[in-house]
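Here is the structure we will look at, set down as structure tokens.
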Amino acid sequence: MDFAAIKGFKDILPAEIEPWQRLDRTVRAVFGAFGFREMKLPVMEWTELFSRSIGQDTDIVSKEMYTLHDSKGRGMTLRPEATASVCRAYIQNRLHQDGPVQKFFVIGPMFRHENPQKGRFRQFHQIDAEIFGDPGPRSDADLIVMLLHLLDSLSLSGLTLHLNTLGCPECRGGFRDALRSYLKDRSEGLCEDCTRRAGTNPLRVFDCKAEACRNLVLKAPTILDHVCSACRDHFQALQTLLRDAGIGFEINPRLVRGLDYYTRTAFEVQTGHSGAQNAVAGGGRYDGLVRQLGGGDQPAIGFAIGVERLIALMNEVAQPRTSVPDLYVAALGEEAARKAFALVAELRKAGNWVEMDYASRSLKAQLKHADRLGAGRVLILGDNELAMGKGLLRDMGSKTQEEIPLDGLVDRLTRMLGAEARIRADKDA
Ligand code: HAM
């Protein structure tokens, strides 16, 4: 074997695809009901878009970006997240002109050069949702209600919503100073990165994975002691709306999220499992980002779900379903194979999943193939049956066969297979 996939880049094979497809359908149904519209965006952007949005001192920008350079030496980066790209598209395409409040979602791969481990990949997928044009807190609550409604629709349980506020540029300054002085007094305990961050961007010390730094921030001042009255009111109003909607949450004053653009509301949905990979989804408000990227004053809030982590949870609840063909058509003899080929095309056009053999193998081999695919019925067409205008329909479960006239066959089989498929779907539901 000359090539294997790159470390941290994963194949998603047919046997694993069912929950991906189910998730896709559920997302479209749920997000559609909340008025979100889908966008497809490039996977690569100018590096500066990410460094300016996410922040130079973050792990993502300082360590994890896949960057290459064009012939003029300009940096281009595989997107590590979608928010910056959605903002860029929103500004560039003047989407604010479509209406004061705009709701978008993006589904696709993201790239971060992290150490691969369980639940952490270098290419992973996100379902990203963003609302532009409303300062909250009702849009904050609506977005969170949508996220939890999605998780509920997938029958997931054991998840906790963690909530915090990160204040605004006014109150963040006081908090930053308090944190800086707390860290300065304890600088010997910090790792090399955090020693630097303690001066430049002390909030990022909260993201550090080193145990000593994690222990140190446990007793650090929190933003909740520093928020201004407007940010406090916003946070309280959000909590009231969530309680009214019957949504439970935990206030987590140490939840700062690993990206610099957040203001006020920050949240994560976490599993009960311990470890750094317990966040299934995370998001928050970023009221200053559109302006910072050259757009107007547009408040915004969003979240992203980690698809691989969500699918791992879906697979804990239910084994992926394998679907089976409605019918296998087995032909014996060249004439019958020609007729079978055309018939299969017609049956497929009518919406049936039909399989056949490409290689004119023996009936025994074709029946074995049908069995391996899990087809419940096989239509056997031999030159002799054809001459009499008939085929044989074999039930693979009971191994019984009956003659079936070729006249009106497509309609009759389509009705029969459709009814069987409905019974199967009801049993699965
Ligand atoms: P994030 O917390 O960096 O936020 O990523 C969101 C989710 O993506 C995480 O909770 C996790 O489930 C998943 N994730 C992140 N990195 C990896 C990885 N290496 N492997 C597997 N899954 C991963 C954002 O990306 C923000 N853009 C969210 C947002 C949208 N904020 C506002 N709008």
Side-chain angles (χ1 to χ4, degrees), residues 7-10 12 23 31 36 39 41 45 49-50 53-55 58-61 63-66 78-90 102-132 136 139-140 143-144 146-147 150-151 156 159-162 164 166 204 206-207 209 252 255-271 273 275-290 298-314:
K7 187 176 169 197
F9 289 64
K10 207 176 153 297
I12 298 147
L23 178 59
F31 287 15
F36 280 68
M39 284 180 168
L41 300 177
E45 302 269 3
L49 173 69
F50 299 119
S53 321
I54 301 168
T58 58
D59 279 352
I60 298 179
V61 171
K63 300 179 190 164
E64 297 171 358
M65 296 207 299
Y66 282 94
L78 284 176
R79 62 182 179 193
E81 58 114 47
T83 309
S85 307
V86 179
C87 288
R88 197 262 314 133
Y90 176 77
Q102 294 293 315
K103 299 177 272 190
F104 307 110
F105 70 100
V106 172
I107 303 179
M110 309 291 151
F111 305 85
R112 296 185 193 176
H113 191 269
E114 295 195 81
N115 243 347
Q117 48 184 275
K118 187 165 180 273
R120 196 198 280 167
F121 308 97
R122 291 181 171 172
Q123 176 178 322
F124 60 100
H125 295 75
Q126 285 189 343
I127 296 164
D128 179 274
E130 315 284 354
I131 304 181
F132 289 88
S139 48
D140 304 33
L143 187 82
I144 293 174
M146 179 171 86
L147 171 59
L150 174 70
L151 300 175
L156 300 180
L159 297 170
T160 310
L161 172 65
H162 292 251
N164 194 19
L166 295 175
R204 296 279 65 93
F206 280 89
D207 305 329
K209 287 160 191 135
N252 181 348
L255 179 76
V256 296
R257 312 264 307 118
L259 306 101
D260 272 354
Y261 48 60
Y262 291 119
T263 51
R264 294 192 166 168
T265 309
F267 59 94
E268 261 178 21
V269 173
Q270 299 179 4
T271 59
H273 307 293
Q277 276 66 255
N278 59 358
V280 179
R285 181 159 278 289
Y286 51 96
D287 289 344
L289 185 57
V290 174
Q298 290 289 352
I301 182 163
F303 67 72
I305 300 171
V307 176
E308 282 78 0
R309 293 184 194 177
L310 190 69
I311 285 185
L313 294 178
M314 288 166 67

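Each ligand, and each atom within it, is numbered from 1 in the order the structure gives.
Atom numbering of ligand 1 starts at 1 in the shown order; those under 4.0 Å from a heavy atom of Gly119 are 20 (N), 21 (C), 22 (N). Those atoms of ligand 1 that come under 4.0 Å of a heavy atom in Ala304, given as number and element, are 6 (C), 7 (C), 28 (C), 29 (C), 30 (C). The contact set between ligand 1 and Ala281, taken as ligand atoms under 4.0 Å from a residue heavy atom, comprises 10 (O). Proximity to Gly283 (heavy-atom distance under 4.0 Å) selects the following atoms of ligand 1: 31 (N).
Between Glu268 and ligand 1, a contact under 3.5 Å exists for no N or O pair. Looking at Ala82 next to ligand 1, no N or O pair under 3.5 Å apart turns up. Of the N or O atoms in Ile301, none lie within a sub-3.5 Å distance of an N or O in ligand 1.
Side-chain polar atoms of Thr83 and Tyr261 form a donor-acceptor pair below 3.5 angstrom. Thr58 and Asp260 form no side-chain donor-acceptor contact under 3.5 Å, judged by distance and modelled atom types alone. Arg88 and Ser53 are not linked by any side-chain donor-acceptor pair at a separation below 3.5 angstrom, with hydrogens and angles left out of the test. Side-chain contact annotation: Thr160 with Gln270, donor-acceptor N/O pair under 3.5 Å absent.
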Problem set entry | CA sep, side-chain torsions, deciding dist, call: Arg264, Asp287, salt bridge (Lys or Arg N to Asp or Glu O under 4.0 Å) | CA-CA 9 Å; Arg264 294 192 166 168; Asp287 289 344; 5.1 Å; no
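Side-chain N or O atoms of Arg122 include none that pairs as donor or acceptor with a backbone N or O of Arg112 at under 3.5 Å. In this structure, Arg257 contributes its side chain and Glu268 its backbone to no donor-acceptor pair below 3.5 Å.
Of all the heavy atoms of Arg122, none lies under 4.0 Å from any atom of ligand 1, so neither backbone nor side chain is involved. Residue Phe267 does not touch ligand 1, judged by heavy-atom distances below 4.0 Å. Proximity of Phe303 to ligand 1, defined as any heavy-atom pair under 4.0 Å, is confined to the backbone N, CA, C and O atoms. Residue contacts with ligand 1 for Arg257 involve side-chain atoms from C-beta outward but no N, CA, C or O (heavy atoms, distance under 4.0 Å). Residue-level proximity to ligand 1 for Glu114 is carried by the side chain, the only part with a heavy atom below 4.0 angstrom. If you look at Asp128 next to ligand 1, the close heavy atoms, those under 4.0 Å, all belong to the side chain. Using a 4.0 Å cut-off between heavy atoms, Met110 makes no contact with ligand 1 at all. Contacts with ligand 1 closer than 4.0 Å are made by no heavy atom of Pro80, backbone or side chain.
Distances from atom 17 (C) of ligand 1 to the heavy atoms of Phe124, Tyr262, Tyr261, Tyr286 put Phe124 nearest. Across the listed options Glu308, Glu81, Gln126, Gln126 owns the non-hydrogen atom lying nearest to atom 5 (O) of ligand 1.
When each of Thr271, Leu313, Leu150 is tested with Leu156 by the rule side chain to side chain contact (heavy atoms under 4.5 Å, CB included), just one qualifies, namely Leu313.
Residues Phe36 and Phe105 place their aromatic rings such that the two centres sit no closer than 6.0 Å.
Distances from ligand 1 to the non-hydrogen atoms of Gly284 include at least one value under 4.0 Å.
Ring-plane geometry between Phe132 and Tyr90 is classed as parallel, the angle between the planes falling under 30 degrees on a 0 to 90 degree scale with a further cut at 60.
What sits closest to atom 13 (C) of ligand 1 on the protein, heavy atoms only, is Gly306 CA, 3.5 Å.
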